[in-house]
Amino acid sequence: MADGRLAASRITSVDALRGFSLLGILVVNIAYLASGYRMAGLAEPAFDSPIDWVVRWTVTMFLENKFYLLFSFLFGYSFTLQLDSAVRQGKAFVPMFLRRLAGLFLLGLAHAILLFPGDILTTYAFVGLALLILRKIKPKTAVMLAIGLTSLLALGFVLLAVLSMLGLETAGTVSHGTAEAIKSDAAMDGSALQIIAEHLRKLSLIVLLRVFFQGPAVLAACLIGLAIGKLGVLRDLGAHTRALRGLQWVGFTVGVAGAFFYTQSAWNGAFHKFLGQAVDLVTAPLLAAAYAATFLRLLPYIPRVGAMLAAPGRMALSNYLGQSLLCSLIFTGYGLALVDQVSPPILVVIAVGIFGVQVAYSHFWLRGHRYGPVEWLLRFLTYWNRPSGSYRARHSSTTV
């Protein structure tokens, strides 16, 4: 019985951390969903007050590029749970996981074309193939490979900075000009066909960035999650208090310093943007790790917060896609068409409000359903049959 309670608590903590990550992702993504200027790497010219800049700086420094890494870490960790579950049940893991990745890819492709070209699910689908190949890797090797990938990425951005400062053209990057933002705004304010066409155009521009930069960064975070899953660290956090405290010290010192450098390069031009990206690639994972360590250490003292966040975490896929849908209905021609009409502080308020609705909806849904709606569909594609138990089963599941 005690082991059962420990397992349930462990899953709840992971789900709560996933829910916490969803909130951070939404606060970052909403700016890109609401403005063509942000998608072009520029501040919205209509919002230039001190409070607008305080919010931009805060989100960029403390949230941007941190929470998608935390979410990726959890993807790698969940991979180990799925692998262990398949072994216990005597199921063939490889074909099952390949179907899961195919489902993720199709969902991500639809998400990118219809709602948000900044989709990460398609990236997870390809990174998942790498995890499948590396599933027998030792934890230490996984960590070293993650460090190597991150270092190579950082060096790549340093090289881009040098080439740019030498006046050489760098291919494969999204245009950051005002004309690009105006063009994007006009399309996002238009019909459904115009919106989809704009999403496809943006996808064609950022594909190299996704392949050569985001993909390896996501894989590095997933490998850390895989290593943690193999070591069983999250099964007994109390035995790793010293390590968690160390992550907090290093993450909050080095991570915040790197985030400040990155924010300066992004908004003040005090440093070259590519140099800022290089520093952020190395330090953002440390700050994300510090967030996770702090959250997990605090969780036993705030059980109500953990319980509140666990429900949206259990339905993370449904809520991730739901966030894009709700934002599209607010900011694009699909609905209210408020693109570039909402200030950064109000965007944060809207993001928190959307997440609050998702928390309430997730709790309501899970009272009568075993899985979130998109999770149910992905399980169907994974196992190629109706998920066990009634679709409206009233028993929660700890199987990831």
Side-chain angles (χ1 to χ4, degrees), residues 28-29 31-32 35-45 53 56-70 72 117-118 120 123 126-127 144-181 184 202-221 223-224 250-290:
V28 172
N29 282 354
Y32 295 90
S35 170
Y37 283 89
R38 288 298 288 117
M39 284 295 286
L42 298 171
E44 310 90 315
W53 279 105
R56 286 192 189 103
W57 263 71
T58 301
V59 172
T60 301
M61 183 167 174
F62 294 105
L63 303 181
E64 193 169 301
N65 295 336
K66 283 75 178 176
F67 282 87
Y68 91 85
L69 290 176
L70 187 51
S72 300
I120 202 170
T123 303
F126 287 106
V127 166
M144 295 304 295
L145 181 56
I147 294 173
L149 281 170
T150 302
S151 301
L152 284 174
L153 281 175
L155 288 174
F157 272 110
V158 170
L159 177 60
L160 287 174
V162 171
L163 292 175
S164 181
M165 286 186 284
L166 289 175
L168 300 177
E169 294 294 330
T170 53
T173 58
V174 181
S175 170
H176 294 284
T178 301
E180 170 73 16
S184 178
K202 286 176 180 174
L203 284 172
S204 68
L205 291 172
I206 66 177
V207 64
L208 290 179
L209 182 66
R210 288 280 186 259
V211 172
F212 292 106
F213 293 105
Q214 188 192 52
V218 168
L219 176 57
L223 285 169
I224 297 296
V250 175
F252 283 124
T253 52
V254 179
V256 169
F260 180 77
F261 186 96
Y262 168 68
T263 306
Q264 285 274 63
S265 72
W267 293 121
N268 276 9
F271 308 101
H272 195 283
K273 284 192 176 185
F274 286 137
L275 290 179
Q277 289 280 3
V279 171
D280 193 56
L281 275 166
V282 175
T283 59
L286 296 174
L287 188 52

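Within a 6.0 Å sphere centred on OH of Tyr32, heavy atoms belonging to other residues, nucleotides or ligands number more than 12.
A donor-acceptor contact shorter than 3.5 Å links the side chain of Lys66 to the backbone of Met61. Between the side chain of Ser184 and the backbone N or O of Glu180, no donor-acceptor pair lies under 3.5 Å. Remark: the backbone N or O of Trp57 is not paired with any side-chain donor or acceptor of Thr60 at under 3.5 angstrom.
Nearest heavy atom pair, residue Leu153 against residue Pro216, reads CD1-CB, 3.7 Å. Taking every heavy atom of both residues into account, Ala259 and Thr283 meet most closely at N-OG1, 4.1 Å. For the residue pair Thr150 and Ala220, the shortest heavy atom distance occurs at OG1-CB, 3.7 Å. A pairwise comparison of heavy atoms in Gly251 and Leu287 identifies O-CD1, 3.7 Å as the closest pair. Residues Ala278 and Ala154 approach most closely at CB-O, 3.4 Å, considering heavy atoms. In terms of heavy-atom proximity, Met39 sits nearest to Pro117 at CE-CG, 4.0 Å.
Interatomic distance, CZ of Phe213 versus CD of Gln277, reported as 9.0 Å (0.5 Å rounding). Rounding to the nearest 0.5 Å gives a distance of 4.5 Å between CZ of Arg56 and CD of Glu44. Taken from OG1 in Thr123 to CG in Leu219, the straight-line distance is 11.0 Å, to the nearest 0.5 Å. Atom CG of residue Asn29 and atom CD1 of residue Ile120 lie 9.0 Å apart, to the nearest 0.5 angstrom. Note that the CG atom of Leu145 and the CD1 atom of Ile224 stand 9.5 Å from one another [nearest 0.5 Å]. With rounding to the nearest 0.5 Å, the separation of OG in Ser72 from CZ in Phe67 is 13.0 Å.
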Phe261 vs Asp280, side chain to side chain contact (heavy atoms under 4.5 Å, CB included): CA-CA, chis, key distance, verdict: CA-CA 8 Å; Phe261 186 96; Asp280 193 56; over 6 Å; no
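Looking only at atom types and distance, the side chain of Glu64 has a donor-acceptor partner in the side chain of Tyr262 under 3.5 Å away.
Each of Thr253, Val254, Leu69 was evaluated against Leu286; a single residue qualifies, Val254, per the side chain to side chain contact (heavy atoms under 4.5 Å, CB included) test.
Ring planes of Phe274 and Phe157: tilted class, angle from 30 to 60°.
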